[in-house]
Protein chains: 2
Amino acid sequence: MSPCLGLTWHSQFKALWKYAMNLKQLSEYLNLSQTTVSRALNGYPEVNENTRTRVLKAAQDLNYRPNTRAKGLATGRALAIGHVIPVSNQHEMVNPVFGDFIAGAGAAYARAGYDMMLTLVPDQEEVRAYQDIKARGTVDGIIVHGPIINDERISLLSRIGLPFVVHGRSTDVNLPYSWIDVNNRGAFERGTQFLIELGHRKIALLNGLEHMDFAFRRRKGYENALRNHGVSIDPRLMRSEEMTEVYGYRAAKEMLSRSDAPTAFVCSSIITAIGVRRAVHEAGLVLARDVSIITHDDALSYLENGDDVPIFTALRSSVWYAGTEAAEMLLSLISLPSHAPKTRLLEAELIIGRSTGPAAT
Amino acid sequence: MSPCLGLTWHSQFKALWKYAMNLKQLSEYLNLSQTTVSRALNGYPEVNENTRTRVLKAAQDLNYRPNTRAKGLATGRALAIGHVIPVSNQHEMVNPVFGDFIAGAGAAYARAGYDMMLTLVPDQEEVRAYQDIKARGTVDGIIVHGPIINDERISLLSRIGLPFVVHGRSTDVNLPYSWIDVNNRGAFERGTQFLIELGHRKIALLNGLEHMDFAFRRRKGYENALRNHGVSIDPRLMRSEEMTEVYGYRAAKEMLSRSDAPTAFVCSSIITAIGVRRAVHEAGLVLARDVSIITHDDALSYLENGDDVPIFTALRSSVWYAGTEAAEMLLSLISLPSHAPKTRLLEAELIIGRSTGPAAT
DNA sequence: GAATCACTCCAAAGCGCTTTGGATATTTGA
DNA sequence: TCAAATATCCAAAGCGCTTTGGAGTGATTC
């Protein structure tokens, strides 16, 4: 049954390593019980240090790793975090923000030995999807993306008892819950005020979809600034759409063709701002002189806002950083489930770039 | 032990649903064996149709879902696909292409009942990471992203025996393996030729990092076209970097300031092309008239290349589509492991937009 | 009327791990 | 010197599921 020559075993297993080895094989190879090997690997104290090093070396040599599913079954934990991305069926769009956020979070998970699971969920099926995730037990907690106003997912998840952290917040939800968010209202109020102080009065807002909470708050900030300075709020200068380049272009083109064209634009995304810039150029106007643009900037790695001198004057907040922070909040929430919800409000920096200037008189 | 009133049980379980219920409970509730319930749920024939509908209804009502880990342990399959994204440590950049690809793949997985796992891997640790994934058995197969020239991951994965599909190919790897790729060489040859036919002779290439296989092939295509038309290949007109906006801007700005400035640019990404456009404007030049741009376009949802009339003349190939196709290839590879590797070469469309025109004479 | 068959259903083993509750040496204390 | 404490190790149960190998009905066949 068990050949005595370690070497024989060794080479035998070595040859077999493509068919992942298990604890039983490893313990037979070591002439130890599975219990002891398991304890040695997991750092329990009741195992001789010599034995432990022997076990660790063998595990290393034979390329052993515990099977995730089995470990999960036995411990009741999945060692995985889920990211649930709502997908509108009409347009299966993936906000580029998402990639950077995930990259940040992924780094944190890797440090903690957690896996990351992605689930795309059509928005009609959300309730089912979350129940599903909970019941199937594939993850220990989830990050909620793209919260809308009064997002029912929050009460659902609290009811279900699945730890979660929201990237963003949800206006009108009164339950306590964990979130990390940028101060969107404050940022847009500041940005709009900055334009007003430059003398602009006709300031357009090219916002994201306003059932999304972040966009709703941004509009509030924009409106606050206008109100505080006695500038009238003109619905004709406000748009709310998916934040594409073409959207920025079209909206700006249309507005700039009016007799009472706006002299400044506040954009919710650098991509939209790029669209606005295109319209500005096409209209034969000059940025910062004829038309000013200020935009939110998520500091995406592929859309850096210039180098030394920023292209756009911007409200900057790194979404990559938000990702790592959200991940760490969730991990600590999972390890200390009794604790109260954590919240974190990030401030956006106002970066002065080359897209703003005093209003033409 | 078992109260007779179905109602009692029902409400009892209903109250408990936040603590996911299991097969044993469900079968006790139904007064059936676990075997029968399992078979009923999984569509095996040896179960009465009445029983089956009764089981299905109860499962639905009590919100039962089989535990993924347990199911995986029992079946030996993970019902999950892994996506491994190499991350250079210096710059943790996430190519925006990735989001769209994932979205496409995710749709396919959802249809097939598979989960999606993401792993970010620092490129020094790749070998370990893949062995890890195999040994831990968390996924049934993986999608390999961002292949470089002579990518060692391919032979590693074949050796390990983990089904995989590469998004892209790897020059100099001679093993058979499954991949889906765009005809990058052909596309860039066509695009460059298009510019030559418009009379351009000084054509710059703003490529991605050329250790990446796609970028290497694109350069080959570009060079082929120049050679075929007797245009000399000028290293001073060729750049190879991470495809950001700032890269396009800087490179174009520098080149346009020369006495023998290029009259056309071939870009590897629409984002880089946007940077070039910025430099062109800033130099007081007019697109299509003074300087032409042709770019690869991955048809990203947030970076649509205009609407009716494309902004850029482009070589278009939807990465979202590539994602769904890759996913389906992998799924079929997993279900029929004996089959030979599948390969799929997608052609990029040449889209004529408003960024190209005849060379100024 | 016994044997065969199709139809339903079930008990129990097993997937690979952790962990409980000892068992067996080895030291220690008085 | 013997009991008690300590240090190591182990057998076996259990996590929630699938699946093997029957068992128990009636209905059908000869």
Side-chain angles (χ1 to χ4, degrees), chain A residues 2 13 16 19-55 58-59 62-80 113 132 134-138 140, chain B residues 2 13 16 19-55 58-59 62-80 113 115 132 134-140:
Chain A
S2 61
F13 280 121
L16 274 170
Y19 313 100
M21 85 167 338
N22 60 21
L23 186 63
K24 189 176 173 196
Q25 296 172 301
L26 180 61
S27 61
E28 279 171 4
Y29 167 71
L30 285 162
N31 280 320
L32 286 171
S33 77
Q34 296 190 41
T35 312
T36 305
V37 177
S38 170
R39 309 201 111 139
L41 292 172
N42 292 314
Y44 282 71
E46 56 267 74
V47 41
N48 190 302
E49 272 314 312
N50 295 329
T51 324
R52 188 193 303 279
T53 53
R54 200 163 68 92
V55 170
L62 302 184
N63 221 283
Y64 168 81
R65 262 116 173 153
N67 179 291
T68 312
R69 293 190 297 276
K71 187 164 187 160
L73 235 205
T75 58
R77 302 179 329 126
L79 284 178
D132 209 276
K134 166 67 178 182
R136 290 170 47 220
T138 26
D140 297 322
Chain B
S2 61
F13 278 123
L16 274 170
Y19 313 100
M21 85 166 339
N22 61 23
L23 188 62
K24 191 177 171 197
Q25 296 171 300
L26 180 61
S27 60
E28 279 170 4
Y29 167 71
L30 284 162
N31 281 319
L32 285 172
S33 76
Q34 296 192 39
T35 311
T36 305
V37 176
S38 170
R39 307 202 113 138
L41 292 173
N42 292 315
Y44 282 72
E46 55 269 72
V47 40
N48 191 302
E49 272 314 311
N50 294 328
T51 323
R52 188 192 303 279
T53 52
R54 198 163 69 93
V55 170
L62 303 183
N63 221 282
Y64 167 82
R65 259 115 174 155
N67 179 292
T68 310
R69 294 190 298 277
K71 186 162 186 161
L73 236 204
T75 58
R77 301 174 336 124
L79 285 178
D115 285 327
D132 210 275
K134 166 68 178 182
R136 291 171 46 222
T138 27
V139 300
D140 296 324

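The chains referred to below are lettered A, B, ... by the order of the sequence lines, with proteins before strands, and numbering in each begins at 1.
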Round to a whole Å and report the spacing from CG of A/L26 to P of C/dT18. 11 Å
Are A/V37 and A/L23 packed together at the side-chain level, in the sense that at least one heavy-atom pair is separated by less than 4.5 angstrom? yes
Compare side-chain N and O positions of B/Y44 against OP1 and OP2 of C/dC9 and report whether any pair is under 4.0 Å apart. no
Whole-Å distance, B/L41 CG to D/dG16 P, equals 16 Å
Without decimals, in angstroms, what is the distance between B/L79 CG and C/dC15 P? 19 Å
For the student: nearest non-hydrogen atoms of B/S27 and B/Q34, plus distance: OG-CG, 3.5 Å
C/dC7 P sits how many Å from B/L32 CG, rounded? 19 Å
Rounded to whole Å, please give me the gap between CZ in A/R39 and P in C/dC17. 16 Å
DNA chain C: B/E46 or A/T35, which has the more 5' nearest nucleotide? B/E46
I need the CD-P distance between B/E28 and D/dG16, as an integer number of Å. 12 Å
Kindly give the heavy-atom pair with the smallest separation between A/A78 and A/G137, and that separation in Å. CB-O, 3.8 Å
I need the CD-P distance between B/Q34 and D/dT19, as an integer number of Å. 14 Å
Check the phosphate of C/dG16 against A/N67, side-chain N and O only, distance under 4.0 Å to OP1 or OP2. Yes or no? no
Give a yes/no on whether any side-chain N or O of B/S33 is located under 4.0 angstrom from OP1 or OP2 of C/dC10. yes
Give a yes/no answer on whether the side chain of B/K71 brings an N or O atom under 4.0 Å of OP1 or OP2 in D/dG16. no
If you look at every heavy atom in A/L30 and A/R54, which pair is closest and at what distance? O-NH2, 3.1 Å
A/N22 CG - C/dC15 C1' separation (whole Å): 10 Å
Heavy atoms only, 4.0 Å cut-off, all strands: where does A/T75 land among base, sugar-phosphate and nothing? sugar-phosphate
Residue closer to the 5' end of DNA chain C, B/E49 versus A/P66 (nearest nucleotide): B/E49
Does C/dC9 have OP1 or OP2 under 4.0 Å away from a side-chain N or O of B/T36? no
Residue-phosphate contact under 4.0 Å: A/Y64 side-chain N/O, C/dC17 OP1/OP2: yes
Is there a side-chain contact between B/N48 and the phosphate of C/dC7, meaning an N or O under 4.0 Å from OP1 or OP2? no
Taking the minimum atom-to-atom distance to the side chain of A/L23, which one of D/dT19, C/dC17, C/dG14 wins? C/dC17
Over 12 foreign heavy atoms within 6.0 Å of CZ, A/R77: no
Considering just the side-chain nitrogens and oxygens of A/K24, establish if one lies under 4.0 Å of OP1 or OP2 belonging to C/dG16. no
